[in-house]
There are 2 protein chains.
Amino acid sequence: MTTLRQLQCLATVADTLHFRRAAERLNLSQPAVSAQIAQMEEQLGVLLLERTRRRVLLTPVGREVAERARAILRDVADLEETARQSTIPLSGTLRVGVLRTLGPYLLPHMLGAMRARFPDLKLYLREEPRSQLLAELAHGDLDLVLVHDAPKDDDHLTVVPLFREPLWAVLPLGHRLAAKTSLAPADLAGERLILLELGDGLRDPGLDLCRAAGASEHPDFRATSLDSLRQMVATGLGATLLPALYVEAEALADPQIAVRPLQAPAPTRAIDLAWRRTTSRSDEFRLFARLIEENLPAVVERG
Amino acid sequence: MTTLRQLQCLATVADTLHFRRAAERLNLSQPAVSAQIAQMEEQLGVLLLERTRRRVLLTPVGREVAERARAILRDVADLEETARQSTIPLSGTLRVGVLRTLGPYLLPHMLGAMRARFPDLKLYLREEPRSQLLAELAHGDLDLVLVHDAPKDDDHLTVVPLFREPLWAVLPLGHRLAAKTSLAPADLAGERLILLELGDGLRDPGLDLCRAAGASEHPDFRATSLDSLRQMVATGLGATLLPALYVEAEALADPQIAVRPLQAPAPTRAIDLAWRRTTSRSDEFRLFARLIEENLPAVVERG
DNA sequence: AGAATTAATAGCTTCAGGTTATCAATGCCC
DNA sequence: GGGCATTGATAACCTGAAGCTATTAATTCT
């Protein structure tokens, strides 16, 4: 196998066209350089240098090889530099998994501050259902996940609770409850709520509320995305519950629906940040958690 | 200094996510791989792998570094391949110096055959005056030169005579000699010939002819390129001598001038191929000479 | 609880690659 | 042209990086 030392010797001799000066620059003895070159020539079965006793020149192959050698050495130096740079906290690429019902409405609040405080941080974002995110985290395909109710009893994970996200009542325009500016859970008695098919921590608080308030899940309809849920409400199909960050980002401005906060005990979903306990970057990840907390909008309940 | 072995170990562990299997693939023992990785981590001051006793995962830096490592290893393999390939005769890049008055008219005859027989050969061509070509050859900036009268007494050079290139008489259309289909040197008695300012082996045979035939150099005009010489003749300024390869390529088809061969003893310039004696590629260069000889057009006198 | 698996550690060995000293060839200079 | 200086190669020796085997420690699975 060719070694980097060989490449280094060749590149330096190619630069200086002089064994002794090359050796000097490499902090080696001249015979050491000779040996490296000779060895390389034997391994490749090719003469790299044209030797007069008095002078050294490159053969055409030598030129080509020396050029490639220089490029390789540059790349190795880059690699080392990159690795050393990475001791800067929160630099490089972080693979973050996040719920589809959370990411697009939470992260925009964070990006500005992240850019400002950790300009070298790049996020690779992945939206998947909670169970798949946790599996990918465990498997090593993700570094961090933002999910509801991360498993706190899992020895392999570190879980940091970030906040609780309230659910808001969303009503068709002419709905009888739309007249009130805020609703008590009991106001929903008798309602049939359209709930999300996928979980994402939204369905269970919804069902709990139904039970507590004397409402029920709509028997005929379930939605598969927050946007379609909103549109179903807009067409008058019924009322629903939507998470606060989504409401803030997408629903408040929609003139086709009425959005009302729920009074305590309002249903909420708990959002956590989780990572593998064995990672070497727990400190950084805590910093990441802190950053999220510091930039949470007012609509969520801080932990 | 990072070593290629380290990069190789990292890349393989990154592939397998398993020290023992990586060691197997590398034909090493597992502790050897551990040691290489540990050493690399220490040198870079960075954790590259996330180790559970049971499992290995890459840290984000580890991913980045492993990716770069793979690229570097590929480049090294390429370098080795390139070097080994270069044992194919006449492959790679050859730096050839050639006279400005020769290259554009000789080389087109060669290129087809070169492409066919040595498809991996690339020519870097450089046109300079003879003395500069020889200097650059000696200095190692060129591998081969095509010049007139290469110095055969120079111990540092190998010189192969290729051919003699006759000079043809070139006359204005109405010239008294244009009536003849070929000229004896003596026919030129009394003529005033425009000769080239730069040497290129054309001026001296021209002067010799003048002396032998009783002609003389035109006192007022000298040309600095073959094309301008031809144009000067076309405007009726006088007669001149032009080398056969140029005549064949550029002058025969020009309706503004008359071109006539000269009978023996016709003036010629001797064209040689030369290289540094110390090169390792004499065999290939002889092959190159042979290739030129085999593809010479009929207008030159083969050696 | 015990078997199995995995990466790390310990102790030992070997050889790649370093050193200094010297040689042989070449060019320079008076 | 003979002596001197310079240069890359060679010789002989030395050191430590890197490999191996055997073992340990930690963890998971049975």
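Chain naming here is simple, since letters A, B, ... match the order of the sequence lines and numbering starts at 1 in each. None of the values given here were measured: they were computed from a predicted structure. Every heavy atom of this structure was used, including side-chain atoms; hydrogens, water molecules and symmetry mates were not.
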Side-chain N or O of [X] versus OP1/OP2 of [N]: is the shortest distance under 4.0 Å?
X	N	answer
Gln39(B)	dA17(D)	no
Ser29(A)	dG18(C)	no
Gln6(B)	dA18(D)	no

[X] [atom1] - [N] [atom2] separation (whole Å):
X	N	atom1	atom2	result
Met1(B)	dG18(C)	CE	C1'	17 Å
Gln8(A)	dG17(C)	CD	P	13 Å
Leu28(A)	dT20(C)	CG	C1'	14 Å
Glu50(A)	dA9(D)	CD	P	13 Å
His156(A)	dT27(D)	NE2	P	9 Å
Ile37(B)	dG19(D)	CD1	P	11 Å
Glu41(B)	dA7(C)	CD	C1'	12 Å
Arg276(A)	dT27(D)	CZ	C1'	17 Å

Original post:
Counting any heavy atom closer than 4.0 Å, what does Val56(A) reach on the DNA or RNA strands: base, sugar-phosphate only, or nothing?
Top reply: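 The residue Val56(A) makes sugar-phosphate contact but no base contact.
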Original post:
What nucleic acid atoms does Ala35(A) come within less than 4.0 Å of, heavy atoms only: base, sugar-phosphate, or nothing?
Top reply: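 Answer is nothing: Ala35(A) stays at 4.0 Å or more from every strand.
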Original post:
If you measure only the distance, is there a donor-acceptor pair under 3.5 Å linking the side chains of Ser34(A) and Arg51(A)?
Top reply: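 Per modelled atom types, Ser34(A) and Arg51(A) side chains form no pair under 3.5 Å.
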Original post:
Quick check: does any side chain N or O of Arg277(A) sit under 3.5 Å from a backbone N or O of Asp154(A), one acting as donor and the other as acceptor?
Top reply: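 Such a contact is absent between Arg277(A) side chain and Asp154(A) backbone.
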**OP:** Assess whether one donor atom and one acceptor atom, taken from the side chain of Gln30(A) and the base of dA9(D), lie less than 3.5 Å apart.
**Re:**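 Flag set: donor-acceptor pair detected.
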Original post:
Does atom CD of Glu294(A) have more than 12 heavy-atom neighbours, drawn from other residues, nucleotides or ligands, at distances under 6.0 Å?
Top reply: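 More than 12 within 6.0 Å, yes.
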Original post:
Got more than 12 heavy atoms from elsewhere within 6.0 Å of CZ, Arg84(A)?
Top reply: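 More than 12 within 6.0 Å, yes.
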Per [X] side chain, nearest of listed nucleotides [options]:
X	options	answer
Ser34(B)	dG8(D), dA7(C), dG17(C)	dA7(C)
Arg5(B)	dA9(D), dG19(D), dG27(C)	dG19(D)
His18(B)	dT6(C), dG18(C), dG17(C)	dT6(C)
Arg20(B)	dA7(C), dG8(D), dC20(D)	dA7(C)
Thr3(B)	dA18(D), dT28(D), dC20(D)	dA18(D)
Pro31(B)	dG19(D), dA11(D), dA10(C)	dA10(C)

**OP:** May I ask you to decide whether Lys152(A) forms a salt bridge with Asp272(A), counting only side-chain N to carboxylate O separations under 4.0 Å?
**Re:**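 Yes, this pair counts.
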